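Presented below is the structure to which this report refers.
Hydrogens, waters and symmetry mates play no part in the numbers below; they use all other heavy atoms, side chains included. Chain letters run A, B, ... following the sequence lines, proteins first, then strands; residues in each count from 1. Nothing here was measured: the structure is a model prediction, and the numbers come from that model.
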Amino acid sequence: MRGNYSFRQLSSTCYRSLQNEPINNKLQNATKTSTPSKKTLTQKRSEPKNKKSAISDSEIVKWNMSITTHMRNGQWESALQVFNSMPRRSSVSYNAMISGYLSNDKFGLARDVFEKMPNRDLVSWNVMLSGYVKNRNLGAARVLFDQMPERDVVSWNAMLSGYAQNGYVDEARKIFDRMPDKNEISWNGLLSTYVQNGRIEEACRLFESKEDWEVVSWNCLMGGYVKRKRLVDARRLFDQMPMRDEISWNTIVTGYAQNGELSEARRLFEESPSRDVFTWTALVSGYVQNGMLDEARRVFNEMPEKNEVSWNAMIAGYVQCKRMDTARDLFEAMPCRNISSWNTMITGYAQSGDISQARNLFDRMSQRDSISWAAIIAGYAQSGHGEEALHLFVKMKRNGERLNRSSFTCSLSACADIAALELGKQLHGRLVKAGLETGCYVGNALLAMYCKCGSIDEAYDIFEEISEKDVVSWNTMIAGYARHGFGKEAMTVFESMKTAGIKPDDVTMVGVLSACSHTGLLDKGTEYFYSMNCDYGITANSKHYTCMIDLLGRAGRLDEAQNLMRNMPFKPDAATWGALLGASRIHGNTELGEKAAKIIFEMEPDNSGMYVLLSNLYAASGRWGDVSRMRLKMRDNGVKKVPGYSWLEVENMVHTFSVGDSFHPEKGRIYAFLEELDFKMKLDGYVSSTKLVLHDVEEEEKEHMLKYHSEKLAVAFGILSIPAGRPIRVMKNLRVCEDCHNAIKHISKIEGRLIILRDSHRFHHFSGGSCSCGDYW
DNA sequence: ATAGGGTTAG
């Protein structure tokens, strides 16, 4: 219980800090660091003026060049020293400082210089404008643009590019139309607006409306075709181009390399007049993406020069093939690691299940970006460490890290895993505030979160709001309804999916079949199973077979289930045997259950759930000797029984309970209430069924222990602390036991409450004395 | 000193 207790505290920390944490940490820090330089800037204003005439303009030019050089090398402190020690400064000196700060990502410092600058010229305004654009602060950019005393074509082009990069195609077009004079960059700006925002047909029309495009624009349009995998169109442009530069060759090589046409990529690579790091890297990455790792490595070894990106591409190749040791060797060997290199390794470790190595690297990084955070958060979320994932999300916010779609979706999936509905809703709110709730990627994450947190109606609302549903959206909704036991609804969604013209895939059919299985629709499920190959060209995989065996098993057709299993085109895995074991349990077939469990033990000696299932099966038929042998076997094999616990959220706090819990501060009230309930339940006809306890104890003792099962404690606490009329949502890490299931049905009737219980397998909606699973789980 | 195109990680 102590272990769970720490989980409770951890989770409540997450909640509080998400609500109260200051939003402007980063801003405050930024102003803090910039304060001293402000002072030095103003101090130096009182320089001796008499020297002014002694310094020639050509001297000043030398100082200015020194500033630029320092800034280019990233030494902005040295640049500031030069600037401060200048006897006289031209506006070029100021402009060099501003643009230097901007290219070193010191936006605040750049703005300070700009605001302190005595006589701004047009370039100063333009530099600052590009700074706002680069910082994606379009509003401020537009204010500055409107304030400018005069504008040249550079100003207009900067504004145009700002709108383009942020997806404001129509605004960009307006700027283009209003421009007093246009140059080639303006034309290219409009073209790239269309290309960058996926409006390739408009780009194409614009391109055809004018002759004499520069090579940049040819490359831009060709790149657009490559991104949309329209290789034939890209190649047509490439062949038509009046002249080609290195980028043209790189673009077309990349196009073929990324689309699996490696031999054509290779041919053009050999044919190109010159090759730079980009060309080489494109080829390496092409081989990597096509799983041709050895060929990739050969090219990589031949490269005349490599940069970080080349190394990262090669490392990513090994990561994809789960060869983490080789990836690590390269990572250690590379001379110029950047954030991406670290991120690639972290992602690799996280995906291969080695979360501690991932965390190790994450902690060792000197600089992290939003991808590093997303990678580690996703790593924890996907390996079942939802609490730690959310903990890191909060930490990330506190560090002032910019939240993006990816960090949100990872955290939403963590919420889904631990069923933190309230936190998930807060994230939803923040997504809307940040304007990031659009797009089906985020929509799908929200949808999955609401499904897994037991809020199926809100899930459906989200589902309806996703404007461009992809196959994942449909699959998530179908699987969501299936897990909640709403077979009819799942079928309705499946039908509308087909009407909408979305082709069901193998995942869809797993959802559909499990919907049938969770609702007991044997005939419908059988029909789908046998017709899906003919109807949608989907060949049944082991998951489909498992659903089918589950469906037959639940219906009591254990022989047919076994037959199907014998005739499967592949070897049954642990999940398939698990379906058979579950069916044996429901129908009390100890012999078959024993057989299935033994096979599962051989496949997964660490699966404690199976030991418990089998023990319970023995206990149910009074075979106590076998029960104790199981316990010995578990001990000898070093398998720890996962302790059962349940949890629920009340006012942003997660409360956790386990069997016989005596830690909760409200335990007195809870236990008293349970006694009271017990009395009422017995009047309602409840008889406690003790056959599923994993202990050989006296009958009375057994009943006592059952009464204190974690889900009962959690439900009792929920009724006491959640206002009437609102559903009580309880989660349990294991499958709900039969006695608790029975008891909660009575409780829902006696108290007139809707109780939604998520166990490790599915959802149960209890109300008015019955459960949505129809006692089938 | 300011505006436009190509390679990696999610």
Side-chain angles (χ1 to χ4, degrees), chain A residues 64-65 67-68 71 90-100 102-103 121-131 133-134 152-162 164-165 183-193 195-196 213-224 226-227 245-255 257-258 276-286 288-289 307-317 319-320 338-348 350-351 369-378 404-407 409-410 441:
Chain A
N64 291 346
M65 280 167 63
I67 292 178
T68 309
M71 283 298 193
S90 67
S91 64
V92 175
S93 333
Y94 281 92
N95 295 343
M97 285 301 291
I98 301 172
S99 80
L102 287 174
S103 56
D121 62 9
L122 181 55
V123 174
S124 330
W125 286 92
N126 282 344
V127 174
M128 203 56 226
L129 179 64
S130 75
V133 166
K134 190 187 162 201
D152 64 0
V153 65
V154 175
S155 334
W156 285 94
N157 286 344
M159 203 61 231
L160 172 63
S161 124
Q165 283 163 31
N183 60 13
E184 283 307 315
I185 296 181
S186 325
W187 280 97
N188 188 68
L190 186 62
L191 183 73
S192 82
T193 303
V195 169
Q196 279 172 30
W213 287 88
E214 287 189 332
V215 64
V216 187
S217 302
W218 284 90
N219 292 343
C220 174
L221 188 58
M222 181 166 59
V226 163
K227 277 205 191 80
D245 64 6
E246 225 165 36
I247 293 180
S248 326
W249 285 95
N250 291 345
T251 306
I252 196 73
V253 169
T254 305
Q258 285 180 344
D276 65 2
V277 192
F278 283 87
T279 342
W280 283 94
T281 308
L283 198 62
V284 170
S285 137
V288 161
Q289 282 170 27
N307 64 11
E308 339 54 289
V309 181
S310 338
W311 284 89
N312 292 348
M314 198 61 236
I315 292 178
V319 164
Q320 270 170 33
N338 64 10
I339 294 192
S340 293
S341 330
W342 291 84
N343 290 350
T344 307
M345 291 300 296
I346 291 174
T347 311
Q351 283 173 356
D369 64 6
S370 59
I371 294 173
S372 332
W373 286 95
I376 193 75
I377 291 175
N404 57 16
R405 283 193 169 81
S406 168
S407 53
T409 48
C410 293
Y441 196 63

Problem set entry | Verdict with supporting geometry, A/Leu122 and A/Ser155, side-chain contact (heavy atoms from CB on, under 4.5 Å) | CA-CA 9 Å; A/Leu122 181 55; A/Ser155 334; 4.2 Å; yes

For this session: Please step through side-chain contact (heavy atoms from CB on, under 4.5 Å) for the pair A/Asn338 and A/Ser341, ending with a clear verdict.
Result: CA-CA 5 Å; A/Asn338 64 10; A/Ser341 330; 2.9 Å; yes

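Within 4.0 Å (heavy atoms only), A/Thr344 reaches sugar-phosphate atoms of the nucleic acid but no base atom. Using a 4.0 Å heavy-atom distance criterion, A/Asn64 is classed as making no nucleic acid contact. The residue A/Asp152 sits apart from the nucleic acid: no heavy atom pair falls under 4.0 Å. Residue contacts shown for A/Lys134 are absent, as no nucleic acid heavy atom lies under 4.0 Å away.
In this structure, of B/dT7, B/dA9, B/dT2, it is B/dT7 that holds the atom nearest to the side chain of A/Val309.
Contact between the side-chain N/O atoms of A/Thr68 and the OP1/OP2 oxygens of B/dA1 is found at a separation under 4.0 Å. Within the 4.0 Å cut-off from OP1 or OP2 of B/dG10, not a single side-chain nitrogen or oxygen of A/Gln320 is found.
Looking at A/Asn188, its side chain has no donor and acceptor atom pair within 3.5 Å of the base of B/dA3.
Every residue two or more places apart in sequence or in another chain was checked for a salt bridge (charged side-chain N to carboxylate O under 4.0 Å, His left out) with A/Lys227, and none qualifies. With sequence neighbours excluded, the residues that form a side chain to side chain contact (heavy atoms under 4.5 Å, CB included) with A/Ser372 are A/Ile339, A/Asn343, A/Phe362, A/Met365, A/Arg368, A/Asp369.
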